[in-house]
Amino acid sequence: MADLKIIKTEYKIVFMSMYEEVDVFDDNIDVKIVLPSNLVYSATLFTISNVKKLLEMGSAQYFWAEDMIIVGDLTLMSINKVIKDIIDEDLIDSCMCMIGTTEKIFRGANGFEDIKHHGSPTNSFINR
């Protein structure tokens with residue numbers, strides 16, 4: 001029997017608004033995904049209910065957003081699973097936009113280790 005290599009997917013999620021105020025079943029949230037390589041990616045996660053509501057509120061017959069990822073809900077468990085799956089399937093460059101490095105995006109950060117997982121404006125983006 002062949003040895004199976006277990007690969008641990010490393011990443012950190014940074015919320016660009018206060019996650020504590022999110023309606024996990026009907027909302028959207030901007031995220032930055034930080035990889036150990038210090039690359040930072042950006043996307044917006046939308047629930048299906050939120051897309052429907054935004055479509056109904058608008059006058060256009062369509063809805064789109066750059067780097068949009070539609071999710072079933074915005075619980076931390078679901079968000080982590082979605083991000084892990086995207087990285088594991090090597091889809092991050094297709095689903096998100098690479099926007100820079102930790103040093104350029106997060107003032108005061110020198111690398112991956114400095115970024116706080118699930119960081120947000122209320123609990124800081126950087127480990128201190």
Side-chain angles (χ1 to χ4, degrees):
M1 184 166 171
D3 289 329
L4 295 176
K5 183 177 180 182
I6 298 174
I7 299 172
K8 180 181 177 204
T9 304
E10 288 191 82
Y11 60 88
K12 294 183 180 175
I13 299 170
V14 177
F15 298 107
M16 301 315 295
S17 59
M18 294 182 284
Y19 178 79
E20 299 79 11
E21 297 178 3
V22 169
D23 177 341
V24 297
F25 298 109
D26 184 6
D27 216 334
N28 63 75
I29 191 163
D30 294 319
V31 296
K32 304 281 186 268
I33 306 304
V34 184
L35 300 179
S37 64
N38 292 317
L39 292 179
V40 180
Y41 288 80
S42 177
T44 304
L45 307 176
F46 290 84
T47 62
I48 295 169
S49 297
N50 187 242
V51 171
K52 183 178 179 192
K53 180 170 72 177
L54 292 170
L55 183 60
E56 291 169 352
M57 288 172 43
S59 59
Q61 295 299 309
Y62 63 91
F63 173 80
W64 75 275
E66 193 170 343
D67 303 317
M68 175 172 69
I69 299 171
I70 299 173
V71 297
D73 64 68
L74 292 169
T75 61
L76 290 176
M77 190 163 82
S78 292
I79 291 171
N80 276 290
K81 177 153 181 24
V82 166
I83 300 305
K84 181 184 180 314
D85 288 351
I86 287 170
I87 293 169
D88 286 349
E89 295 296 322
D90 200 25
L91 295 172
I92 195 163
D93 287 310
S94 298
C95 297
M96 302 178 189
C97 180
M98 199 278 288
I99 59 170
T101 62
T102 53
E103 297 86 2
K104 291 187 180 189
I105 303 301
F106 301 102
R107 184 175 298 154
N110 294 314
F112 181 77
E113 300 78 23
D114 292 342
I115 304 301
K116 186 181 288 184
H117 188 50
H118 295 149
S120 72
T122 57
N123 66 12
S124 180
F125 301 124
I126 300 174
N127 288 316
R128 298 232 185 244

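Evaluation of the salt bridge (charged side-chain N to carboxylate O under 4.0 Å, His left out) rule for Asp93 yields no partner, not counting sequence neighbours. Listed by chain and number, the residues in a side chain to side chain contact (heavy atoms under 4.5 Å, CB included) with Glu113 amount to none (sequence neighbours excluded). Residues that satisfy the side chain to side chain donor-acceptor pair (under 3.5 Å) test with Asn110, not counting sequence neighbours, are absent from this structure. Under the rule for a side chain to side chain contact (heavy atoms under 4.5 Å, CB included), the partners of Asp85 that lie at least two apart in sequence or sit in another chain are Lys81. Checked against side chain to side chain contact (heavy atoms under 4.5 Å, CB included), Ser120 has the following partners two or more places apart in sequence or in another chain: Phe15, Glu20, Thr122, Asn123. Scanning for side chain to side chain donor-acceptor pair (under 3.5 Å) contacts around Tyr11 gives Asn80, with sequence neighbours left out. Under the ring pair (Phe, Tyr, Trp, His ring centres under 6.0 Å) criterion, Phe25 pairs with no residue at all, not counting sequence neighbours. Ser37 meets the side chain to side chain donor-acceptor pair (under 3.5 Å) test with no other residue; sequence neighbours excluded. Residues meeting the salt bridge (charged side-chain N to carboxylate O under 4.0 Å, His left out) test with Lys104, sequence neighbours left out: none. By the side chain to side chain donor-acceptor pair (under 3.5 Å) test, Asp30 pairs with Thr44, sequence neighbours left out.
Cluster membership for Ile126 and Tyr41, using ILVMFWY side-chain heavy atoms within less than 4.5 angstrom, is not shared. Phe125 and Tyr19 are members of different hydrophobic clusters when ILVMFWY side chains are connected at heavy-atom separations under 4.5 Å. With hydrophobic clusters built from ILVMFWY side chains whose heavy atoms lie under 4.5 angstrom apart, Met98 does not share a cluster with Ile105. Residues Leu45 and Met96 share a hydrophobic cluster, clusters being chains of Ile/Leu/Val/Met/Phe/Trp/Tyr side chains in contact below 4.5 Å. Residues Leu39 and Ile13 share a hydrophobic cluster, clusters being chains of Ile/Leu/Val/Met/Phe/Trp/Tyr side chains in contact below 4.5 Å.
Ile29 and Ser17 get closest at one heavy-atom pair: CG1-OG, 3.6 Å. Taking each heavy atom of Val22 and Asp27 in turn, the nearest pair found is CA-OD2, 3.5 Å.
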Please lay out, stage by stage, how Thr101 and Asn38 fare under the test side-chain hydrogen bond (donor to acceptor under 3.5 Å, both in side chains). CA-CA 5 Å; Thr101 62; Asn38 292 317; over 6 Å; no
Do Ile79 and Val71 pass the side chain to side chain contact (heavy atoms under 4.5 Å, CB included) test, and can you show the C-alpha distance, the side-chain angles, and the key distance before you say yes or no? CA-CA 8 Å; Ile79 291 171; Val71 297; 5.8 Å; no
Could you walk me through whether Val40 and Leu35 pass side chain to side chain contact (heavy atoms under 4.5 Å, CB included), step by step? CA-CA 7 Å; Val40 180; Leu35 300 179; over 6 Å; no
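Contact annotation: the side chain of Val31 never approaches that of Val14 to less than 4.5 Å [non-hydrogen atoms, C-beta and beyond].
Expressed to the nearest 0.5 Å, how far CE of Met57 lies from NZ of Lys52 amounts to 14.0 Å. Distance check, rounded to the nearest 0.5 Å: CG of Asn28 to OG of Ser49 gives 12.0 Å. Expressed to the nearest 0.5 Å, how far CD1 of Ile92 lies from CD1 of Ile86 amounts to 7.5 Å. Interatomic distance, Asp73 CG to Asp26 CG, rounded to the nearest 0.5 Å: 12.0 Å.
Side chains of Asp67 and Ser42: no donor on one and acceptor on the other come within 3.5 Å. Residues Asp114 and Asn127 have side chains that never bring a donor and an acceptor to within less than 3.5 angstrom of each other.
Side-chain contacts under 4.5 Å among hydrophobic residues (ILVMFWY), followed directly or transitively, place Phe63 together with Phe46, Ile48, Val51, Leu54, Leu55, Met68, Ile70.
The main-chain N or O of Ile115 is found under 3.5 Å from a side-chain atom of Lys12 such that the two form a donor-acceptor pair.
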